[in-house]
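Take a look at the structure set out below.
What you are looking at is a predicted structure, and each value in this text was computed from that prediction instead of being measured. To find a chain, count down the sequence lines: A is the first, B the second, and so on, and within it residues start at 1.
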Amino acid sequence: MKRTHHCNELRPAHIGQTVTLSGWVHSRRDLGGLIFIDIRDREGRTQTVFDPSDLPAALFEQAAALRSECVVSITGAVRQRPVGTNNAKIPTGEVEVAVTALEVLNMAEVLPFPVDDPEIASKVNEELRLQYRYLDLRRPEMARNLKVRSKVAIATRSYMDEQGFLEVETPTLFKSTPEGAREFLVPNRREPGTFYALPQSPQQFKQILMVAGVERYFQLARCYRDEDLRADRQPEFTQVDIEMSFIEREDIYALIEGLLKRVWKTALNMDIPTPFKRISFEEALNRFGIDKPDTRFGMELVDFTAEFRTSTFKVFSGAIAAGGVVKALNAKGLAGATQGQIETMTEYAKSFGAKGLAYIKVENGEWKSPIVKFFSATEKAALIAKLAIEEGDLILFAADQWLTACEILGKIRLYCADVLKTQGRLVIPADQFNFLWVIEFPLLGFDREQNRWYSSHHPFTAPVTQDIPLLKTDPKKVRGQHYDVVVNGVELGGGSIRIHQPDVQKTVFEEVLQIPPEETKLRFGYMLDAFRYGAPPHGGIALGFDRLIAILCGTPSIRDVIAFPKTAKGTDLMTDSPATVSAKQLRDLHIELKVPKPAGMPTPPAPGTTPQ
RNA sequence: GGGGGUGUAGCUCAAUUGGUUAGAGCGCUGCCCUGUCACGGCAGAGGUUACGGGUUCGAGCCCCGCCACUCCCGCCA
């Protein structure tokens with residue numbers, strides 16, 4: 001019985017045709033004398049009817065014995081449902097198939113969790129879902145996520161192809177490059193003591209491809225980072241990796257805006273407006289306290305440094321005298337915040353090194369606050385004016401060095417938004433996507449502990465041209481030609497125009513980052529070599545593909561858009577990986593373990609060996 | 001590495017704050033049911049309360065340890 005239609009295909013136009021459907025028993029309703037079975041496949045589901053008056057008894061009995069998720073193939077005639085029995089919930093709900101033949105392709109055991117009920121299935125313990133991932137992926141919601149991912153991958157490839165890009169694969173067995181994320185290492189059997197590393201990203205290969213004259217490169221590249229995980233971080237993940245020659249920042253902006261426009265149209269049939277807004281790193285911090293602002297709601301930070309410079313409240317004026325700033329935000333309507341919520345916010349502040357968190361609750365016409373008694377009338381008037389203070393508001397302050405003060409309030413702003421969302425007082429439409437470019441990042445950050453400058457993006461990022469002279473005189477002021485694309489508070493991707501002039505690169509490495517020349521040669525020698533033989537000006541970007549798909553699918557966790565993701569500890573519950581290996585495998589790799597053998601666990605036999 | 005949350009029937013959750021025989025819905029098994037689509041009705045089975053200790057006359061509940069999952073901080077050039 002070869003299938004003639006999929007389970008989301010039959011409509012009134014098919015009435016009268018004899019069809020064969022194959023799929024899983026989604027649900028069955030056995031009325032005794034009549035059995036309804038919904039057959040589900042990747043595309044949808046269709047109701048089939050077993051009527052004993054038309055069927056041999058044996059076939060009817062067979063249908064009665066079916067259970068959820070048995071795999072069947074049925075043949076029958078498509079017919080109009082009787083008046084009043086249409087099911088508006090499914091696209092095939094106007095018709096049904098009157099079964100004349102049934103083939104049970106496979107029975108299914110009772111499932112560990114339901115796949116037919118989205119309400120329950122979405123709440124099932126993720127541990128179980130991961131252990132039985134093949135069942136989880138059968139759920140229509142998960143199947144849809146896989147489909148969106150595939151469509152977006154294909155749309156990306158076709159868009160990049162139209163734009164003249166070549167898809168080039170780069171090695172996953174690479175060389176360890178110690179800065180940045182911790183790497184996964186792969187021991188080399190052929191030369192004891194040497195290791196490959198899995199790439200954190202194809203960064204260096206893609207730049208070398210520019211030297212190789214590829215001009216326009218892209219890849220859906222698998223990347224590996226051996227760092228602790230989050231809802232939006234997996235040890236292996238996928239980037240849309242892009243690099244172009246003979247371009248400036250504007251070219252990247254236009255390219256990515258076009259790509260995302262295509263992607264949103266493909267996945268959600270939405271037309272997103274371009275060009276995207278642009279905001280400097282400094283403005284993003286000043287207004288939102290974070291370099292990936294969620295601009296779907298207000299509660300922006302307000303600066304009060306001028307107002308409190310000569311204040312008698314020493315916590316504020318002292319912070320300013322020490323070169324810091326005073327900033328505040330108005331958490332509209334949160335005066336009723338619980339002690340626990342204030343506590344949480346205070347913890348955020350403390351985690352940034354602040355001593356505490358100053359606040360004012362505006363309740364019953366009064367300012368309830370431990371600090372307000374120190375404020376002058378002028379200061380109060382300034383607060384009211386600039387923060388538009390009203391009854392029911394909660395005002396939160398940070399007085400610290402500029403970056404710290406901004407970051408504290410940025411964190412608190414997001415927390416307050418979450419609280420308001422939970423209370424239903426802040427509603428953000430699911431189809432609102434606020435894209436923006438964050439630009440003009442500082443090229444360098446300063447590491448107080450090590451007393452040296454470090455690259456805030458990576459050491460190949462080009463400085464803004466007019467800032468190059470500042471490299472040697474005032475590194476803090478140098479802006480990088482670095483850009484991030486952000487949507488709704490999520491960093492979708494980032495990149496930069498790279499340095500292609502050997503003298504600038506030398507200055508950055510040796511004079512700014514203070515890396516000794518011999519070390520530079522050891523770590524980046526092959527790249528610097530390549531750059532000596534005619535490197536075109538170039539730049540690129542990488543988008544987090546998993547995050548992109550998660551946003552399109554409206555899920556907070558990228559595990560929902562990866563077919564076989566790993567847990568927060570990096571294990572795969574379905575295959576029980578990682579696992580120990582045999583002594584022989586270790587010997588081949590010249591590796592001796594220093595970890596104690598797990599108690600009570602015999603050493604597993606080497607794969608492929610048979611017991612003697 | 002640190003902090004928070006969760007763990008009770010196959011699944012989702014209760015268990016009046018330490019007190020009788022640990023319950024419900026769904027699922028499962030059996031019987032009944034010819035227009036259901038969350039089908040319905042009747043009956044039934046199903047529990048080492050993650051695991052190991054401890055306190056107590058008595059522990060699902062309190063204490064210590066441990067494991068797993070999860071969220072966050074650190075980390076992620």
Please classify the nucleic acid contact of [X] as base, sugar-phosphate, or nothing, using heavy-atom distances under 4.0 Å.
| X | answer |
| --- | --- |
| A:Arg40 | nothing |
| A:Glu96 | base |
| A:Thr461 | nothing |
| A:Asn86 | base |
| A:Pro112 | sugar-phosphate |

Would you say [X] and [Y] make side-chain contact, with heavy atoms under 4.5 Å?
| X | Y | result |
| --- | --- | --- |
| A:Pro463 | A:Leu471 | yes |
| A:Lys175 | A:Tyr526 | yes |
| A:Arg559 | A:Arg129 | no |
| A:Cys553 | A:Arg144 | yes |

Rounded off to whole Å, could you give me the [atom1]-to-[atom2] distance for the [X] and [N] pair?
| X | N | atom1 | atom2 | result |
| --- | --- | --- | --- | --- |
| A:Arg45 | B:U36 | CZ | C1' | 12 Å |
| A:Leu34 | B:C37 | CG | P | 12 Å |
| A:Leu128 | B:U6 | CG | P | 19 Å |
| A:Phe113 | B:U12 | CZ | P | 10 Å |
| A:Phe36 | B:C39 | CZ | P | 12 Å |
| A:Asp116 | B:U12 | CG | C1' | 14 Å |

Mind checking whether A:Phe174 and A:Phe205 have ring centres under 6.0 Å apart?
->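 When the ring centroids of A:Phe174 and A:Phe205 are compared, they turn out to be within the sub-6.0 Å range.
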Can we call the ring centroids of A:Phe524 and A:His458 under 6.0 Å apart?
->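 Between A:Phe524 and A:His458, the centre distance exceeds or equals 6.0 Å.
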Along nucleotides 22-33 of chain B, 5' to 3', which nucleotides get a B, which get an S, and which get a -, given that the test is a protein heavy-atom distance under 4.0 Å?
-> ------SS---B
Sequence-aligned protein contact record of nucleotides 68-75 of chain B, with B where the base is within under 4.0 Å of a protein heavy atom and S where only the sugar-phosphate is = SSSSSBBB
Trace of the side chain to side chain contact (heavy atoms under 4.5 Å, CB included) decision for A:Ile562 with A:Phe237 | CA-CA 9 Å; A:Ile562 295 173; A:Phe237 60 100; 5.8 Å; no
Closest heavy-atom contact between A:Thr177 and A:Gln200?
->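 In this case the closest contact between A:Thr177 and A:Gln200 is O-NE2, 3.7 Å.
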Going by modelled atom types, is there a donor-acceptor pair between the base of B:C37 and the side chain of A:Arg81 at under 3.5 Å?
->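 Indeed there is one.
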State which of B:C76, B:C11, B:C37 makes the closest approach to the side chain of A:Val124.
->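 So the side chain of A:Val124 is nearest to B:C11.
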Who pairs with B:C61 - Watson-Crick or G-U, where each distance is under 3.5 Å |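 Partner of B:C61: none found under 3.5 Å.
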Counting only Watson-Crick or G-U wobble pairs whose two distances fall under 3.5 Å, which nucleotide matches B:U55?
->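 WC or wobble partner does not exist here.
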Identified side chain to side chain contact (heavy atoms under 4.5 Å, CB included) counterpart of A:Arg547 within the set A:Thr238, A:Val561, A:Ile558, A:Val487 |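 The passing option is A:Ile558.
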